[in-house]
Amino acid sequence: QVQLVESGGGLVQAGGSLRLSCAASGRTFIGSAMAWFRQAPGKEREFVAAISWSGISWSGGSTYYADSVKGRFTISRDNPKNMVYLQMNSLEPEDTAVYYCAADGRPYRMTSTTDIGYNYWGQGTQVTVSS
(Lines give C-alpha, C1' and ligand atoms only; values in the text may rest on other atoms or scores of the structure.)
Protein backbone atom coordinates (compact mmCIF):
# COMPACT_ATOMS: atom_id res chain seq x y z
CA GLN A 1 0.00 0.00 0.00
CA VAL A 2 1.32 3.42 -0.93
CA GLN A 3 1.35 5.72 2.04
CA LEU A 4 2.60 9.15 2.90
CA VAL A 5 2.57 9.79 6.63
CA GLU A 6 3.13 13.23 8.06
CA SER A 7 4.43 13.95 11.52
CA GLY A 8 5.81 16.83 13.53
CA GLY A 9 2.76 19.01 13.79
CA GLY A 10 1.62 20.50 17.03
CA LEU A 11 0.96 23.66 18.95
CA VAL A 12 3.49 26.45 18.85
CA GLN A 13 3.52 30.10 19.78
CA ALA A 14 3.80 32.79 17.17
CA GLY A 15 7.39 33.29 16.21
CA GLY A 16 8.26 29.71 16.97
CA SER A 17 9.34 26.87 14.75
CA LEU A 18 8.23 23.40 13.77
CA ARG A 19 9.70 20.78 11.51
CA LEU A 20 7.30 18.55 9.64
CA SER A 21 8.33 15.18 8.29
CA CYS A 22 6.73 13.00 5.66
CA ALA A 23 7.62 9.34 5.35
CA ALA A 24 6.78 7.52 2.15
CA SER A 25 6.23 3.78 1.94
CA GLY A 26 4.79 1.28 -0.48
CA ARG A 27 6.65 2.67 -3.43
CA THR A 28 9.66 4.75 -4.11
CA PHE A 29 9.43 8.20 -5.59
CA ILE A 30 12.60 8.24 -7.60
CA GLY A 31 12.36 11.03 -10.10
CA SER A 32 9.26 12.48 -8.47
CA ALA A 33 8.52 15.92 -7.18
CA MET A 34 7.20 16.22 -3.66
CA ALA A 35 5.32 19.01 -2.00
CA TRP A 36 3.51 20.39 1.00
CA PHE A 37 0.03 21.83 0.94
CA ARG A 38 -2.14 23.10 3.74
CA GLN A 39 -5.81 23.58 4.39
CA ALA A 40 -7.62 25.51 7.07
CA PRO A 41 -11.23 24.65 7.95
CA GLY A 42 -13.64 26.05 5.41
CA LYS A 43 -10.86 27.11 3.09
CA GLU A 44 -9.34 25.71 -0.03
CA ARG A 45 -6.24 23.63 -0.02
CA GLU A 46 -3.29 25.84 -0.85
CA PHE A 47 0.19 25.25 -2.06
CA VAL A 48 3.00 25.75 0.43
CA ALA A 49 6.22 24.38 -1.01
CA ALA A 50 7.55 21.87 -3.51
CA ILE A 51 10.86 20.25 -4.27
CA SER A 52 11.98 18.53 -7.43
CA TRP A 53 13.89 15.29 -7.76
CA SER A 54 17.60 15.96 -7.42
CA GLY A 55 19.22 12.55 -7.09
CA ILE A 56 20.88 13.49 -3.82
CA SER A 57 19.79 12.78 -0.29
CA TRP A 58 19.33 16.19 1.22
CA SER A 59 17.98 19.54 0.10
CA GLY A 60 19.32 19.18 -3.41
CA GLY A 61 16.28 19.73 -5.55
CA SER A 62 14.93 22.91 -7.00
CA THR A 63 12.48 24.43 -4.58
CA TYR A 64 9.31 26.45 -4.94
CA TYR A 65 7.41 28.39 -2.31
CA ALA A 66 4.19 30.21 -1.90
CA ASP A 67 4.73 33.92 -1.44
CA SER A 68 3.17 33.71 2.01
CA VAL A 69 5.88 31.39 3.33
CA LYS A 70 8.93 32.29 1.30
CA GLY A 71 11.80 33.21 3.57
CA ARG A 72 10.22 31.46 6.53
CA PHE A 73 9.74 27.86 5.38
CA THR A 74 12.26 25.49 3.86
CA ILE A 75 11.44 22.26 2.07
CA SER A 76 14.01 19.51 1.79
CA ARG A 77 14.15 15.80 1.08
CA ASP A 78 16.23 12.78 1.96
CA ASN A 79 15.85 10.44 -0.96
CA PRO A 80 17.53 7.33 0.52
CA LYS A 81 15.13 7.59 3.45
CA ASN A 82 12.15 8.37 1.23
CA MET A 83 11.36 11.41 3.32
CA VAL A 84 10.53 15.03 2.76
CA TYR A 85 10.63 17.78 5.37
CA LEU A 86 9.25 21.21 5.94
CA GLN A 87 11.12 23.46 8.33
CA MET A 88 8.81 26.23 9.44
CA ASN A 89 10.24 29.27 11.18
CA SER A 90 8.70 32.54 12.31
CA LEU A 91 5.31 30.92 12.46
CA GLU A 92 2.24 33.09 12.43
CA PRO A 93 -1.35 32.36 13.48
CA GLU A 94 -2.27 32.49 9.81
CA ASP A 95 -0.14 29.39 9.30
CA THR A 96 -2.60 27.35 11.34
CA ALA A 97 -3.86 24.53 9.14
CA VAL A 98 -3.66 20.85 8.42
CA TYR A 99 -0.49 20.28 6.45
CA TYR A 100 -0.44 17.61 3.77
CA CYS A 101 2.47 15.89 2.15
CA ALA A 102 2.08 15.09 -1.54
CA ALA A 103 4.05 13.22 -4.16
CA ASP A 104 3.91 13.09 -7.93
CA GLY A 105 3.78 9.44 -8.93
CA ARG A 106 4.61 10.32 -12.51
CA PRO A 107 8.37 10.76 -12.44
CA TYR A 108 10.50 13.18 -14.36
CA ARG A 109 7.79 15.76 -14.81
CA MET A 110 7.85 19.45 -14.22
CA THR A 111 7.44 20.26 -10.55
CA SER A 112 3.93 21.49 -9.93
CA THR A 113 2.68 24.16 -7.56
CA THR A 114 -0.95 23.06 -7.85
CA ASP A 115 -2.63 20.10 -6.24
CA ILE A 116 -3.55 18.50 -9.56
CA GLY A 117 0.14 17.89 -10.09
CA TYR A 118 0.21 15.32 -7.29
CA ASN A 119 -1.54 11.99 -7.06
CA TYR A 120 -0.34 10.65 -3.72
CA TRP A 121 -1.33 12.37 -0.50
CA GLY A 122 -0.85 11.94 3.19
CA GLN A 123 -3.64 12.34 5.70
CA GLY A 124 -2.24 15.49 7.19
CA THR A 125 -0.77 16.79 10.40
CA GLN A 126 -2.25 19.64 12.39
CA VAL A 127 -0.24 22.79 12.95
CA THR A 128 -1.67 25.33 15.35
CA VAL A 129 0.03 28.65 15.97
CA SER A 130 -1.12 30.71 18.91
CA SER A 131 -0.62 34.42 19.34
Side-chain angles (χ1 to χ4, degrees):
Q1 182 181 11
V2 177
Q3 287 188 312
L4 301 176
V5 180
E6 303 94 338
S7 62
L11 176 65
V12 65
Q13 291 182 306
S17 298
L18 285 173
R19 190 193 193 211
L20 305 184
S21 299
C22 173
S25 63
R27 71 167 278 178
T28 60
F29 290 96
I30 297 172
S32 297
M34 301 190 75
W36 290 93
F37 291 77
R38 66 187 183 187
Q39 187 170 26
K43 295 187 176 181
E44 75 281 2
R45 183 174 298 181
E46 66 173 330
F47 169 76
V48 177
I51 185 166
S52 67
W53 167 256
S54 69
I56 63 175
S57 63
W58 185 256
S59 301
S62 297
T63 56
Y64 308 84
Y65 297 95
D67 289 343
S68 60
V69 306
K70 190 173 184 179
R72 299 188 297 122
F73 292 9
T74 303
I75 188 171
S76 61
R77 65 193 295 171
D78 186 337
N79 292 327
K81 294 182 179 179
N82 296 312
M83 297 193 72
V84 62
Y85 307 94
L86 185 69
Q87 178 66 47
M88 305 185 294
N89 298 327
S90 301
L91 283 162
E92 304 167 352
E94 293 74 20
D95 296 317
T96 296
V98 176
Y99 283 70
Y100 296 91
C101 177
D104 182 359
R106 298 151 294 186
Y108 308 108
R109 287 161 30 94
M110 295 288 292
T111 302
S112 177
T113 57
T114 62
D115 55 6
I116 62 171
Y118 300 89
N119 55 2
Y120 292 98
W121 294 84
Q123 294 189 12
T125 185
Q126 177 71 48
V127 172
T128 303
V129 184
S130 62
S131 60

Donor-acceptor contact present, side-chain [X] to main-chain [Y], <3.5 Å:
| X | Y | answer |
| --- | --- | --- |
| Glu6 | Cys101 | yes |
| Arg72 | Ser90 | yes |
| Tyr65 | Ile75 | yes |
| Arg109 | Ala33 | no |
| Arg38 | Val127 | no |
| Arg77 | Ser52 | yes |

Minimal non-hydrogen separation, [X] against [Y], with atom names:
| X | Y | result |
| --- | --- | --- |
| Pro93 | Ser131 | CG-CB, 4.1 Å |
| Leu4 | Ala103 | CD1-N, 3.8 Å |
| Asn89 | Ser17 | OD1-OG, 2.8 Å |
| Gly9 | Leu20 | N-CD2, 3.5 Å |

Students often mix this up, so state it plainly: with edges at 30° and 60°, are the rings of Phe29 and Tyr120 parallel, tilted or perpendicular? perpendicular
Take the angle between the ring planes of Phe73 and Tyr99 and call it parallel below 30°, perpendicular above 60°, tilted in between. tilted
Donor-acceptor pair between Asp104 and Ser32 side chains, under 3.5 angstrom: no
Side-chain heavy atoms under 4.5 angstrom apart, residues restricted to Ile, Leu, Val, Met, Phe, Trp, Tyr: same cluster for [X] and [Y]?
| X | Y | answer |
| --- | --- | --- |
| Tyr100 | Ile51 | no |
| Val5 | Tyr85 | no |
| Phe37 | Val84 | no |
| Val98 | Val69 | no |
| Trp36 | Tyr118 | no |

Would you please indicate if the ring centroids of Phe47 and Tyr64 are separated by under 6.0 Å? no
Rounded distance (nearest 0.5 Å) linking atom [atom1] of [X] with atom [atom2] of [Y]:
| X | Y | atom1 | atom2 | result |
| --- | --- | --- | --- | --- |
| Gln87 | Ser76 | CD | OG | 8.5 Å |
| Gln126 | Thr96 | CD | OG1 | 7.5 Å |
| Thr74 | Arg19 | OG1 | CZ | 10.5 Å |
| Leu18 | Met88 | CG | CE | 4.5 Å |
| Cys22 | Gln3 | SG | CD | 11.0 Å |

With a 4.5 Å heavy-atom cut-off, do Tyr108 and Ile30 have their side chains touching? yes
Tell me whether Glu92 at atom CD has more than 12 heavy atoms from other residues, nucleotides or ligands lying less than 6.0 Å away. yes
